[in-house]
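Nothing here was measured: the structure is a model prediction, and the numbers come from that model.
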Amino acid sequence: MFGLRGKDASLLVFVALLTLLAPFILNPFPTGSAMAQFNAGYPDLMQRFVIFGIFAIGFNILFGLTGYLSFGHAAFLGVGSYAGIWSMKLLTLNVIPSIVVSVIVAGLFSLIVGWISLRRSGIYFSILTLAFAMMSYALAYSVLTPITGGETGLQLQYFDPRILDGELAAGTTPRANLFGLEMGTSYELRFGSWLFTFNAGYYIAAACMLAAFYLAIRIFRSPFGMMLRAVKSNQQRLNYTGISPKPYTLAAFVISGMYAGLAGGLLVAMDTQVGAERMFWTASGEVVLMTILGGAGTLIGPVLGAGFIKYMENIVSTINKSTLEGWFAFMPDGLADFFVTIVYPFVGKGWHLTLGLLFMAVVIFLPGGLVQGGQKIATVLRRDRKGSGLEPGAAAKRKQAED
């Protein structure tokens, strides 16, 4: 299927089903129930799942395959976002030109940054990328304010000179669209006590994520991907063979930057405003956490890591003291207060503490990330099936052994 075979084709189908059925999967609890707090099937969060999944997939092509750790990838996310919103201001509210412009501009910027940064490797490369990202943030925040809007950022206005669109009525709020279909358009399906929301913007972003995921699979399985693994394995030995790794690492860097630009363009399409905070160093650190947490060098790992961190950021962070008091209300007052006091530092504003502890546990016990954890669980289940004789053909094999 699409040039993929075996496990890769199955993985692509699996990811496609997950994205298609996300409104159901992410809303497992009835609306209005105590557990509805953990539902994540609303449009804004689902969009962030897939958009930051794209960001992490692109970062994984650089870090997972070549071993080059960039601390400045948020610069390309921000540049893509600014390019996208200027496209919407000057050309059209249609998201297609905006996304294309975002990818191209981010690719050109990453070519310049990569050409300079890849003159060094290891920690020196990481520091160079971080320096570029912080310079970009400073320029966007305080120097290039006519272009970036400074600390207030940019947003669409009805009087923007869009040359491919007609004039908007005074006071109208400009909205991104795909050939007339607005990104915010949603359809709600109520089934008993459950409410499922199907959002146009989410499915457009999900289609882009599936295309990005498919391209990542092709890169991983291509001769180019094998060369990137050779760079990660032993760059010095590769030099001895007479092959220069620089063109390959630069190509990987640019491709990774274009993925970040795509994510930035989609962020603008879903939320038509841009601020310099997207280029701050914490945003670069976040994508590093996503990739390592999910499983660096794996295909689906970065997507899982992105979803996990965005879930923590948007769901666990909203659990406040009142919520905890409601959960433990069935206990005696003293015992309920004790549990609230114990749990409260790990939720709400303290969600970073929970994330940090989970990250430490993954790095120590699951160096391969969440993907390795899934593989271990699958291995245990297979052993149990073999031990209980439930595996297909197990009974016949046992009988043959007894004979």
Side-chain angles (χ1 to χ4, degrees), residues 13-53 56 181-207 209-210 266-267 270-271 290 293-294 300 303-333 335-355 357-358 370-371 373-374 377-378 381:
V13 171
F14 175 70
V15 174
L17 288 174
L18 284 182
T19 55
L20 182 65
L21 301 176
F24 299 103
I25 297 171
L26 296 175
N27 271 339
F29 304 111
T31 305
S33 67
M35 297 302 291
Q37 171 80 37
F38 296 100
N39 284 345
Y42 52 92
D44 182 66
L45 183 52
M46 290 195 299
Q47 290 166 10
R48 290 184 175 276
F49 283 161
V50 294
I51 291 173
F52 280 90
L181 177 64
E182 292 187 1
M183 299 297 98
T185 302
S186 297
Y187 169 75
E188 293 185 347
L189 172 66
R190 185 170 291 279
F191 184 77
S193 299
W194 283 265
L195 180 65
F196 306 106
T197 304
F198 303 89
N199 176 257
Y202 163 73
Y203 281 106
I204 291 170
M209 193 273 283
L210 287 174
L266 287 170
L267 281 175
M270 306 310 153
D271 181 14
M290 290 174 181
L293 188 63
I300 198 173
V303 180
L304 297 177
F308 186 85
I309 289 180
K310 286 302 168 183
Y311 183 87
M312 295 281 293
E313 179 183 343
N314 291 273
I315 302 298
V316 177
S317 65
T318 62
I319 301 174
N320 53 33
K321 206 164 190 176
S322 299
T323 306
L324 293 178
E325 289 171 352
W327 288 358
F328 299 113
F330 66 94
M331 296 181 176
D333 290 343
L335 191 59
D337 292 340
F338 171 77
F339 277 101
V340 169
T341 303
I342 294 297
V343 176
Y344 184 63
F346 298 93
V347 297
K349 294 181 179 179
W351 72 272
H352 288 96
L353 177 59
T354 304
L355 179 62
L357 292 173
L358 290 172
L370 297 175
V371 171
I377 292 172
L381 292 176

Practice task
Take I315 and L45 through the side chain to side chain contact (heavy atoms under 4.5 Å, CB included) test and state the conclusion after the steps.
Solution key: CA-CA 9 Å; I315 302 298; L45 183 52; 3.9 Å; yes
Practice task
For Y311 and F38, indicate whether the former's side chain and the latter's backbone hold a donor-acceptor pair under 3.5 Å.
Solution key: yes
Exercise for the section: Take V303 and F49, measure what side chain to side chain contact (heavy atoms under 4.5 Å, CB included) needs, and give me the verdict at the end. Expected result: CA-CA 8 Å; V303 180; F49 283 161; over 6 Å; no
Handout entry: Side-chain heavy-atom pair Y203, L20 within 4.5 angstrom cut-off
Key = yes
Problem - L195 vs N27, side chain to side chain contact (heavy atoms under 4.5 Å, CB included): CA-CA, chis, key distance, verdict - result: CA-CA 8 Å; L195 180 65; N27 271 339; over 6 Å; no
Practice task
Please name the pair of heavy atoms, one in L353 and one in P345, separated by the smallest distance, quoted to 0.1 Å.
Solution key: CD2-O, 3.8 Å
Problem - Test of ring centre spacing under 6.0 Å for Y187 and F196 - result: no
Exercise for the section: Answer whether the closest heavy-atom distance between the side chains of M209 and V15 falls below 4.5 Å. Expected result: yes
Exercise for the section: Check whether any side-chain heavy atom of F308 sits under 4.5 Å from a side-chain heavy atom of L304, and report yes or no. Expected result: no
Handout entry: Where Y344 and K321 come nearest, the two heavy atoms and their spacing
Key = CE1-N, 3.7 Å
Exercise for the section: Side-chain contact test, heavy atoms from C-beta onward, threshold under 4.5 Å: evaluate it for D271 versus Q47 and give yes or no. Expected result: no
Problem - Whether Y202 side chain and T19 backbone form a donor-acceptor pair below 3.5 Å - result: yes
Problem - CG on D44 to CE on M270, rounded to 0.5 Å - result: 10.5 Å
Handout entry: Closest non-hydrogen atom pair, W351 against I309
Key = CZ3-O, 4.3 Å
Exercise for the section: Check T185 against N199 and note the closest heavy-atom contact, atom names and distance. Expected result: O-ND2, 3.4 Å
Handout entry: G41 backbone acceptor or donor facing N39 side chain under 3.5 Å
Key = no
Exercise for the section: Might you confirm whether atom CZ of F191 has over 12 heavy atoms from other residues, nucleotides or ligands at distances under 6.0 Å? Expected result: no
Practice task
With the side chain counted from C-beta on, respond yes when N314 and Y42 share a heavy-atom pair under 4.5 Å apart, and no when they do not.
Solution key: yes
Handout entry: Spacing of E313 atom CD and H352 atom NE2 [to the nearest 0.5 Å]
Key = 7.0 Å
Practice task
Search all heavy atoms of S186 against all heavy atoms of T197 and return the closest pair with its distance.
Solution key: CB-CG2, 3.9 Å
Practice task
Say whether, by atom type as modelled, one donor and one acceptor occur between the side chain of T354 and the main chain of F346 under 3.5 angstrom.
Solution key: yes
Handout entry: Inter-residue atom distance Q37.CD - I319.CD1, 0.5 Å rounding
Key = 5.0 Å
Handout entry: Minimum-distance pair of heavy atoms, taken over all atoms of P30 and A36
Key = O-CB, 3.4 Å
Problem - M290 and K310: CA distance, side-chain angles, deciding distance, side chain to side chain contact (heavy atoms under 4.5 Å, CB included) verdict - result: CA-CA 9 Å; M290 290 174 181; K310 286 302 168 183; 3.8 Å; yes
Completion exercise
When rounded to the nearest 0.5 Å, the distance separating CZ of F338 from CZ of F328 is 10.5 Å
Handout entry: F24 atom CZ: more than 12 heavy-atom contacts under 6.0 Å
Key = yes
Problem - Candidate list T318, T323, L324, test side chain to side chain contact (heavy atoms under 4.5 Å, CB included), partner N320, passing option - result: T323
